Amino acid sequence: MKFMNIKNSFKALTFAAYAAAVCSAFINTASAQSVEQLQQLRERAQQSQSGAATPSVSPLSISTQRTLPGASASANTMGQFSTQPRNGVNLPGEPTIDTVFPAQAPMENPPFAANLFIGGFESERSSGLNDNYLIAPGDKISIWLWGAVNFSDVVTVDNQGNIFIPNIGPIRIANTPAGSVNQTVTGKIRQVYTNDVNVYVNLLTSTPVSLYVSGPVLRPGQYAGLASDSVLYYLKRAGGIDFQRGSFRQIDIVRNGKVVASADLYAFFRSGKLPEISFKDGDTILVHPIGNTIVVETGARNSFTFEFLNEELNGGVVNYFARPGEFASHASVSGIRNNKQFARYVSVEEFASLKLSAGDTVEYIADHEPQIYRINVAGAFAGASQVMVDKGARLIDVLDHIEADTTLSDTQNIYLLRESVAVKQKEIIEEGLQRLERSMYTAPISSTGEGAIRAQEAQLVADFIARARQVEPQGRVVVSENGEIANILLEPNDTIVIPEVTDLIHVGGEVLLPQSVVFNPDATTEDYVAWAGGFTERAEDERILIVRKNGNVTFTSVNDSFLSSNDSNLEPGDQIIVLPAIDTKILQAVKDITQIVYQIAIAANVATD
């Protein structure tokens, strides 16, 4: 009963809210001045009605204002701050590398030794100390004495560079190498305790130093590290050297206004040499502006942008750093001399003594005149599949060195596959496709209806062009006819194809069942097409392509008696290709499409849909 009463009470509250919304709408309606205002008030009443009925009422739905700390994400955080590290997140309005650094396009030939700043090696340094580290104020040293006197303590080097040991007094060890600390302290102790006292001294920790990195680096500023850290460590902390403005060859360590050491990253990259220096507070690593540059574009193992000193601007130094490939025979040099264009093409030996200028561009080229060709052999043959021939060799000369079984190899129908011919066939097909595109997209239109039809036809032709461009010609060269072989000059990478002896006729293209049929000397083209299931609905039966075994191409027909006379010439191994018929409604492109279909069928032995 109590539950029913509560339920009825909620219903009453809901009805009351609805009634209040309706009353408010009527009151507003009474004061409305136009039909538009009445419509707006009616919409508000409907929204109020839906808003009051949508939420479900529950005894647990109690509205409250959270006042506990952190209870609301939108609570006022005035006076609070986070003690967690930012992990590279920029504050609002804080300068970033994108806002303060000039935008630079990616370099095709980055600087030599630029990969020194790849990775995060600066965060993987060893925590140990090297023997060359110089003791500085703040370092902690552990001292043990046992025997006649027992003493154990960890002492700190004071601001004067001394440590203090009871009954011994101060011992100065500032600027002492870490490897000599034990010997230095032990010597001082033994001056007091001469007998029966053993001493052991060990450097525990080193005091961090703070130094500056300046010049053309990505993030110049003040950085902390160990005195034994290398120049590379601090340069990497500063983001590395700016590739287009900073020098990899002239890096100075400045202390009290004087250069105490210099670093050449090329020397480190080639021979592992870096300055041996222990950094001190206030030191500055100064990167100088970039010097003379030579760009090696191609043909070398190190195709980078090199920075050279004035005395290094010659081809010999470039050869040493760039390391041209084994087959590089010549070097191409281009640049500016006396405000005029300069270019030279010399052998690699002559280039070694050539004087260069800042900004020159070098390319290494393998320009050897080929004297020996590689000829490939395919098909029915015995022996090696490649033959090396001298320049100027001819086909019959090479055939004399190819083994073949005359019972299995059809040596009367040999043909060649040549790369240069394939390229030319591709160019011819591409010219036809471009002509077809122009004819379709520039066809005159006389009405809106014709324009819609032309647009649909253009899309169909575009699809045909896209498929036609994917066809790769074979580059077949016909060299045999009626058992005679032309003794033509061979080209590099030619392929000599010796067909196999076969008893089949291959039927393909626009037939229902493309297949190979046993050769019948009494059969005609129409018979072979019938054995392959007959023509498809899209077949062109007026001009049927016949590709001979030796690569020759002829046309025949099943209706024209004049053309069909060629049926008597069918031989085993021939291919019968039924080409697709072109829709005659595309009046602007019938001729061009037909021509391209024939070219593709002849060049690649395929029928493009």
Side-chain angles (χ1 to χ4, degrees), residues 106-115 243 248 266 269-271 292-308 312-337 340-378 384-395 397-398 401 416-427 430 472-475 477 488-496:
M107 301 179 65
E108 295 183 1
N109 298 87
F112 178 71
N115 53 344
F243 290 171
F248 281 69
Y266 281 21
F269 202 84
R270 297 289 297 184
S271 57
N292 306 314
T293 59
I294 301 293
V295 179
V296 178
E297 291 188 340
T298 57
R301 293 182 179 87
N302 297 327
S303 295
F304 297 108
T305 298
F306 294 91
E307 179 185 357
F308 294 124
E312 297 175 338
L313 288 175
N314 58 77
V317 177
V318 176
N319 288 340
Y320 172 76
F321 282 97
R323 299 188 63 193
E326 290 87 350
F327 298 105
S329 60
H330 291 75
S332 172
V333 184
S334 60
I336 301 295
R337 301 287 191 277
K340 295 181 180 180
Q341 187 176 4
F342 172 85
R344 290 289 186 274
Y345 187 77
V346 296
S347 65
V348 174
E349 292 75 14
E350 295 174 343
F351 174 71
S353 59
L354 183 64
K355 185 177 181 181
L356 302 178
S357 180
D360 284 351
T361 300
V362 178
E363 294 183 57
Y364 291 99
I365 302 171
D367 198 8
H368 298 282
E369 183 180 0
Q371 299 295 329
I372 298 178
Y373 294 162
R374 180 181 63 184
I375 303 299
N376 305 308
V377 184
S385 61
Q386 293 184 357
V387 179
M388 306 304 293
V389 301
D390 294 332
K391 181 179 180 180
R394 294 185 175 271
L395 177 59
D397 301 333
V398 177
H401 297 84
L416 292 180
L417 297 181
R418 179 165 289 178
E419 294 178 349
S420 60
V421 174
V423 172
K424 189 62 178 179
Q425 290 176 338
K426 187 75 171 178
E427 293 176 355
E430 180 62 26
E472 294 297 333
Q474 294 180 342
V477 180
I488 68 171
L489 194 66
L490 295 177
E491 293 185 3
N493 213 30
D494 275 352
T495 300
I496 302 174

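Quick caveat: nothing in here was measured; it's all calculated off a predicted structure. Quick note: numbers below take in every heavy atom, side chains included, and nothing from hydrogens, waters or symmetry partners. Counting begins at 1 with the first residue of the sequence.
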Once you round to the nearest 0.5 Å, how far does CZ of Phe304 lie from CG of Asn115?
-> 6.5 Å
With Phe112, the ring-ring contact (aromatic ring centres under 6.0 Å, His included) member among Phe243, Phe248, Tyr266 = Tyr266
Side chains of Asn319 and Pro324: does their closest heavy-atom pair fall under 4.5 Å?
-> yes
Any donor-acceptor pair under 3.5 Å linking the side chain of Asp390 with the backbone of Ala393?
-> no
Nearest heavy-atom approach of Ala322 to Ala300 is O-CB, 3.4 Å
In terms of heavy-atom contacts, Gly392 and Tyr373 come closest through N-CE1, 4.3 Å
Can you establish whether the number of heavy atoms outside Leu489 located under 6.0 Å from its atom CG is more than 12?
-> yes
CD-CZ distance between Glu326 and Arg301, expressed to the nearest 0.5 angstrom | 4.0 Å
Whether over 12 other heavy atoms sit under 6.0 Å from Phe342 CZ = yes
Output for pair (Asn493 CG, Gln386 CD), nearest 0.5 Å, gives 8.0 Å
Are Arg418 and Ile488 close enough that some pair of their side-chain heavy atoms sits under 4.5 Å apart?
-> yes
Rounded distance (nearest 0.5 Å) linking atom CG of Asp397 with atom CG of Leu490 = 8.5 Å
Identify all side-chain donor-acceptor contacts of residues 292-299 below 3.5 Å with residues at least two apart in sequence or on another chain.
| from | atom 1 | to | atom 2 | distance (Å) |
| --- | --- | --- | --- | --- |
| Asn292 | ND2 | Phe308 | O | 3.4 |
| Asn292 | ND2 | Asn310 | OD1 | 2.6 |
| Thr298 | OG1 | Glu363 | OE1 | 3.4 |

Would you mind checking if Asp360 and Lys355 are paired as a salt bridge, meaning a charged N to carboxylate O distance below 4.0 Å?
-> no
If you measure from CG on Leu354 to CG on Asn314, what distance do you get to the nearest 0.5 Å?
-> 9.0 Å
Is there a donor-acceptor pair under 3.5 Å between the side chain of His330 and the backbone N or O of Tyr345?
-> no
By side chain to side chain contact (heavy atoms under 4.5 Å, CB included) - contacts of Gln341 (at least two apart) = none
Show your working on side chain to side chain contact (heavy atoms under 4.5 Å, CB included) between Leu356 and Phe351 and close with a plain yes or no.
-> CA-CA 9 Å; Leu356 302 178; Phe351 174 71; 4.0 Å; yes
Stepwise side chain to side chain contact (heavy atoms under 4.5 Å, CB included) check, Phe306 with Glu312 | CA-CA 11 Å; Phe306 294 91; Glu312 297 175 338; over 6 Å; no
Heavy atoms only: give me the nearest Ala378-Thr495 pair and the separation to one decimal.
-> CB-CG2, 4.0 Å
Does Ser303 offer a backbone N or O that forms a donor-acceptor pair with the side chain of Asn109 under 3.5 Å?
-> yes
Arg337 CZ to Lys340 NZ distance, which is reported to the nearest 0.5 Å = 13.5 Å
Should Val477 and Glu491 be marked as a side chain to side chain contact (heavy atoms under 4.5 Å, CB included) after you check the CA-CA gap, both sets of side-chain angles, and the distance that decides it?
-> CA-CA 12 Å; Val477 180; Glu491 293 185 3; over 6 Å; no
Could you pull out the closest heavy-atom pair between Gln425 and Gly475, with the gap in Å?
-> OE1-N, 3.2 Å
